[in-house]
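To start, the structure itself, in structure tokens.
No experiment lies behind these values; they were computed from the predicted model shown. Just so you know, these numbers use all the heavy atoms, side chains as well, and skip hydrogens, waters and symmetry mates. In listed order, ligands and their atoms are each counted from 1.
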Amino acid sequence: MKRIACLALVALVCLSAPLAVFAQKPFRIAVYVPGVTAGSPLYEQMVAGTERAVKEFPHASMKVIEAGFNQGEWQEKMTSLAATGEYELIVTSNPAMPFITAEVAKSFPKQKFLHLDAYFAPGNPQIYSMLYNQVEQAYFMGYLGGLVTISSMPGANKELKAGMVVAQEYPALTKMMKPGYEQGLKAVNPNITVDYRVIGNWYDANKAADLANSMIDAGVDVILTIAGGANQGVIKAAKQKGKYVLFFDSNEYKIAPGTIIGCAVLNQEKAAYERVKLAIQGKLEWGKAEIVHARDGYVDFADDDPLYLNNVPADVRRKMAEVVKKIRTGELVLPVPQL
Ligand code: RBF
């Protein structure tokens with residue numbers, strides 16, 4: 001009996017050994033950050049979500065490559081990365097990356113690319129992309145900004161002026177975020193105007209602070225900032241002058257409680273986790289271009305944070321909640337335009 005058990009054990013080991021080797025074929029992932037991770041909410045989420053997926057698979061590993069702020073070098077850096085042939089998957093994020101990977105993919109037909117926060121026309125078997133409905137995301141901020149600028153909150157004035165500071169202009173910004181913000185503001189009061197300023201890069205917090213200061217001096221009392229690391233300058237200026245900031249992409253009330261009074265979030269951490277996991281499992285649908293909305297749970301307004309509940313008056317929150325509910329349930333649909 002003992003001998004049979006022993007033989008069975010040997011047979012089991014012999015049979016499963018090749019399987020174990022097969023199961024452990026490495027799945028290496030490069031996370032290509034077009035910029036730097038720290039201070040860029042969506043890049044931080046992409047790295048965190050990928051990390052979470054990788055931890056679940058002993059044969060998976062990841063490396064983060066920061067391509068820096070010189071956008072002229074991005075294509076060459078992506079080409080070098082694909083040329084190593086070392087990575088089963090390259091994960092990246094931002095709406096400009098499809099223009100780069102479209103070229104790189106042609107030279108390296110075996111390389112797979114997972115795009116977050118971007119649209120890549122469907123049908124390319126090397127590419128998966130996921131675009132967020134940022135009309136909805138920005139509408140949340142516009143509606144709240146409108147309610148704040150007409151409110152009796154201590155930093156609000158009589159002028160109907162809201163601000164928007166951006167790092168750079170690109171189609172997702174000019175076709176989704178800017179119009180979404182304006183639509184939200186005007187839904188509160190059609191006479192609200194937008195003071196809109198462009199910094200010119202994603203890191204110059206001093207320039208962002210200068211812009212915010214001049215806007216505030218001109219009567220702006222609430223500012224939406226979409227500027228990566230440069231957001232800090234807007235927050236600093238608003239805090240010093242007792243004005244308000246609307247924060248984009250992540251829940252970051254804690255950076256400046258009482259100054260940041262609204263966060264419109266993208267659940268990119270979840271998106272990265274889920275899609276990278278599918279890629280590791282060989283289940284990601286290559287060639288697919290997904291567009292996700294608030295009703296899918298990837299675009300949202302952070303209304304359950306104590307720093308929102310404690311710093312925004314109940315009447316503002318009540319009106320905000322009505323609109324948030326309509327967008328979350330799909331009762332109010334804000335279509336994504338052709339980019
Ligand atoms: N967002 C950041 O937070 N940091 C960046 O360094 C950054 N660089 C970008 C560069 C380009 C060319 C483009 C098109 C977008 C960039 N974004 C960056 C913006 C980001 O992808 C997203 O659009 C905004 O964060 C709004 O959700």
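In terms of protein heavy-atom proximity, atom 1 (N) of ligand 1 is nearest to Trp202 CZ3, 3.3 Å. In terms of protein heavy atoms, atom 25 (O) of ligand 1 is closest to Asp249 OD2, 2.6 Å. Looking only at heavy atoms of the protein, atom 11 (C) of ligand 1 is closest to Asn94 ND2, 3.5 Å. In this structure, the protein non-hydrogen atom closest to atom 23 (O) of ligand 1 is Tyr170 OH, 2.6 Å. Ranking the protein heavy atoms by distance from atom 20 (C) of ligand 1 puts Asp117 OD2, 3.6 Å first. Of the protein's non-hydrogen atoms, the one nearest atom 2 (C) of ligand 1 is Ser40 OG, 3.4 Å.
At most 12 non-hydrogen atoms from other residues, nucleotides or ligands lie less than 6.0 angstrom from NZ of Lys110.
In this structure, of Phe99, Phe69, Tyr43, Tyr203, the residue bringing a heavy atom nearest to atom 8 (N) of ligand 1 is Tyr43.
Under the 4.0 Å criterion applied to side-chain N and carboxylate O atoms, Lys178 and Glu182 are assigned as salt-bridge partners. Taking the charged nitrogens against the carboxylate oxygens, Glu88 and Arg28 do have a contact shorter than 4.0 Å, which makes a salt bridge. With respect to Glu322 and Lys325, no salt bridge is recorded, no charged nitrogen being found less than 4.0 Å from a carboxylate O. Looking at Asp210 and Arg197, no side-chain N of the basic residue comes within less than 4.0 Å of a carboxylate O on the acidic one, giving no salt bridge.
Close contacts of ligand 1 with Gln71, meaning ligand atoms under 4.0 Å from a residue heavy atom, involve 10 (C), 12 (C). The atoms of ligand 1 that sit less than 4.0 Å from any heavy atom of Leu42 are 22 (C), 25 (O), 27 (O). In summary, the atoms of ligand 1 found under 4.0 Å from a heavy atom of Gln134, numbered by their order in the structure, are 26 (C), 27 (O).
For the pair Arg52 and Tyr273, the cation-pi test (distance below 6.0 Å, angle within 45°) is passed.
When ring centroids are compared, Phe301 and Tyr308 come within the 6.0 Å threshold.
In this pair, Tyr132 and Tyr298 present their aromatic rings tilted. The plane angle is within the 30 to 60° band.
Assignment of Trp74 to the shell around ligand 1 is supported, since a heavy atom sits closer than 4.0 Å.
Neither the backbone nor the side chain of Tyr132 comes within 4.0 Å of ligand 1, counting heavy atoms alone. At a heavy-atom cutoff of 4.0 Å, ligand 1 is contacted by no atom of Val36, backbone or side chain.
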